[in-house]
Enquirer: 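Can you read through this structure? Questions will come right after.
All values reported here derive from a predicted model rather than from experimental measurement. Residue numbers count from 1 along this sequence.
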Amino acid sequence: MRSQKFSVVLVILSLFILSSTATMATDGYFRHGYGVKYSAMGGAGVAVSLSSLGAISNPAGIVAIDSRIDINLALFSPSRDFTISGNPSGYPGTFGLTPGNTESDSKSFIMPTIGGSYKINPAMAIGLAFYGNGGMNTNYPKAVFYDPSSPNTGINLEQMFAAATFAYEFSKDQAIGVSAIFGWQRFAAKGVLSFGGFSSDPASLSGNSFSTSTGFGGKIGYQGTFANMFKIGASYETKIAMGKFDRYKGLFAEEGGFDVPASWTVGVGFLPNPEWTLLLDFQQINYSGIRSINNSFLPNIRAALLGESGGAGFGWKDMSVVKFGAMYKVNAAWTLMAGYSYGTQPVPSSEVLFNILAPGIVQHHITCGFTKAMGNHNELNLALMYAPAVTVSGANPLEAPGQQTIDIRMSQLQVEVGYSFSSL
């Protein structure tokens with residue numbers, strides 16, 4: 001009966017999450033943390049088992065917790081704008097933008113994250129989690145690039161994933177886990193038809209509504225405890241090979257290619273006493289492995305057409321993220337959490353023009369939250385996140401040298417609540 005209840009609840013909740021859109025607090029366009037407890041600690045926690053959603057970061061973790069279902073709901077509010085300084089030169093062959101400040105109209109998003117784990121026996125567990133990435137959604141109320149076919153400019157990338165996990169404790173306090181990941185994504189762009197002369201397929205460049213694709217990948221993880229107070233965790237996620245965005249094969253490199261980058265995380269935990277847990281993680285996101293994300297605007301825009309393998313992209317670099325987290329158990333009912341993360345800047349100053357569309361540039365996440373035991377092994381969780389504004393400035397690469405400067409800016413707020421059913 002327990003396993004049947006687990007299955008029915010997960011199926012119902014998965015239908016709910018797959019009907020939702022994804023735009024979340026981001027390291028580039030990866031979320032800073034998956035699961036409300038991990039989000040409250042700056043995304044740290046690859047070394048500890050706190051909920052079934054921990055399997056998203058480390059598949060090994062679910063073998064150390066009881067059977068449970070975790071339901072999280074986040075309200076995410078990003079602020080994106082850009083400023084053009086300097087008038088267009090009007091010189092032949094240049095492409096100057098209209099001076100002034102423009103803010104994206106899309107500012108509030110709701111996103112669920114849902115997971116469950118089931119303890120087969122003391123040494124084995126299975127799990128299922130549904131989650132999303134995002135952060136590349138913009139909607140500027142003007143024709144930024146003078147596209148006559150659209151009064152607005154922006155893009156919308158939504159990614160959803162389902163991860164099926166198996167974890168095994170092969171020795172006391174030593175566990176490994178693997179996840180098979182199914183990915184679904186969709187993308188739409190508007191207001192960029194003015195780049196048609198640079199495209200290999202102008203009809204598949206802009207204003208074609210949503211294009212969808214699916215793909216598969218995997219993750220492997222390890223967790224271990226030593227001397228009862230030191231924990232170590234590590235995980236590696238393969239690149240998720242996604243199908244192409246056929247409706248935008250004249251925009252993205254490799255005829256609409258947009259795979260999900262590989263990433264890896266290592267972390268440690270220190271439990272000096274039963275009340276305190278201190279966490280430190282290091283994560284690497286390999287954006288350089290995806291041409292449509294990593295290809296530079298210049299010289300690519302002049303050396304190859306958009307949509308070709310060497311076509312211009314967003315110029316994102318690999319991102320390194322350090323995450324700190326702390327958890328303090330006040331009493332049997334209340335646990336407090338706080339955290340901070342810092343990531344290197346994925347967007348160089350030379351890439352500001354295209355990244356008006358996707359300013360995933362925040363670097364700092366400041367977080368806090370709490371867990372309240374509700375009886376019968378259930379929990380209520382809350383996490384708050386603030387990402388202070390970051391600005392990246394650079395020259396308009398299609399203007400005369402020194403003629404125009406582009407400033408792209410982003411800040412974020414997020415409130416995430418969760419409820420856990422720990423006895424199925």
Enquirer: Decide if atom NZ of K249 counts as having more than 12 heavy atoms of other residues, nucleotides or ligands within a radius under 6.0 Å.
Expert: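 No, NZ of K249 has 12 or fewer neighbouring heavy atoms, counting only those of other groups under 6.0 Å.
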Enquirer: Any sub-3.5 Å donor-acceptor pair from N331's side-chain atoms to A333's backbone N or O?
Expert: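 Between the backbone of A333 and the side chain of N331 there is a qualifying donor-acceptor contact (under 3.5 Å).
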Enquirer: For atom CD of E169, is the number of surrounding heavy atoms from other residues, nucleotides or ligands below 6.0 Å larger than 12?
Expert: yes
Enquirer: Before accepting this row, confirm whether a basic side-chain N of the pair R186/E158 lies closer than 4.0 Å to the acidic partner's carboxylate O.
Expert: yes
Enquirer: Answer yes or no: does atom CG of D66 have more than 12 heavy-atom neighbours from other residues, nucleotides or ligands under 6.0 Å?
Expert: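 It does not: D66 CG has 12 such atoms or fewer within range.
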Enquirer: Ignoring hydrogens and geometry, is there a side-chain-to-backbone donor-acceptor pair from D407 to S393 under 3.5 Å?
Expert: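 Absent.
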Enquirer: If the plane angle is over 60° it's perpendicular, under 30° parallel, otherwise tilted; pick one for F258 and Y29.
Expert: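 Tilted.
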Enquirer: Please name the pair of heavy atoms, one in L205 and one in N208, separated by the smallest distance, quoted to 0.1 Å.
Expert: N-ND2, 3.9 Å
Enquirer: Is E255 paired with K244 through a side-chain N to carboxylate O contact shorter than 4.0 Å?
Expert: no
Enquirer: Which pairs would a plain distance check flag for residues 37-56, meaning a side-chain donor or acceptor within less than 3.5 Å of a matching protein atom at least two apart in sequence or in another chain?
Expert:
unit_1	atom_1	unit_2	atom_2	d
K37	NZ	L50	O	3.3
K37	NZ	E379	OE1	2.9
K37	NZ	E379	OE2	3.4
Y38	OH	V48	O	3.3
Y38	OH	L50	N	3.0
S39	OG	G33	O	3.2
S39	OG	G35	O	3.1
S39	OG	E416	OE1	3.1
S49	OG	G61	O	2.8
S49	OG	Q223	OE1	2.9
S51	OG	L53	N	3.2
S52	OG	D70	OD2	2.6
S52	OG	G115	O	3.2
S52	OG	G116	N	3.3

Enquirer: Taking only residues two or more places apart in sequence, or in another chain, which ones meet N355 in a side chain to side chain contact (heavy atoms under 4.5 Å, CB included)?
Expert: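 Side chain to side chain contact (heavy atoms under 4.5 Å, CB included) check on N355 returns F314, W316, V347, E351, A358, I408.
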Enquirer: Side chains of K190 and N156: do they bring a donor and an acceptor to under 3.5 Å?
Expert: no
Enquirer: Measure the shortest side-chain to side-chain distance between T367 and Y340 over non-hydrogen atoms and say whether it is less than 4.5 angstrom.
Expert: no
Enquirer: If the plane angle is over 60° it's perpendicular, under 30° parallel, otherwise tilted; pick one for Y419 and F421.
Expert: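 Because their plane-to-plane angle is over 60°, the rings of Y419 and F421 count as perpendicular.
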Enquirer: Can you confirm whether M229 sits close enough to F270 that some side-chain heavy atom of one is under 4.5 Å from a side-chain heavy atom of the other?
Expert: yes
Enquirer: Got K219 and T238 here, is their nearest side-chain heavy-atom distance under 4.5 Å?
Expert: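 Of all side-chain heavy-atom pairs linking T238 with K219, none is under 4.5 Å.
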Enquirer: Is any side-chain heavy atom of Q185 closer than 4.5 Å to a side-chain heavy atom of F187?
Expert: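 They are not in side-chain contact.
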Enquirer: Between N396 and F95 (side chain of the first, backbone of the second, donor and acceptor by atom type, cut-off under 3.5 Å), is there such a pair?
Expert: yes
Enquirer: Would you say V322 and D281 make side-chain contact, with heavy atoms under 4.5 Å?
Expert: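 The answer is no, as the side chains (C-beta and beyond) never meet within the 4.5 Å cut-off.
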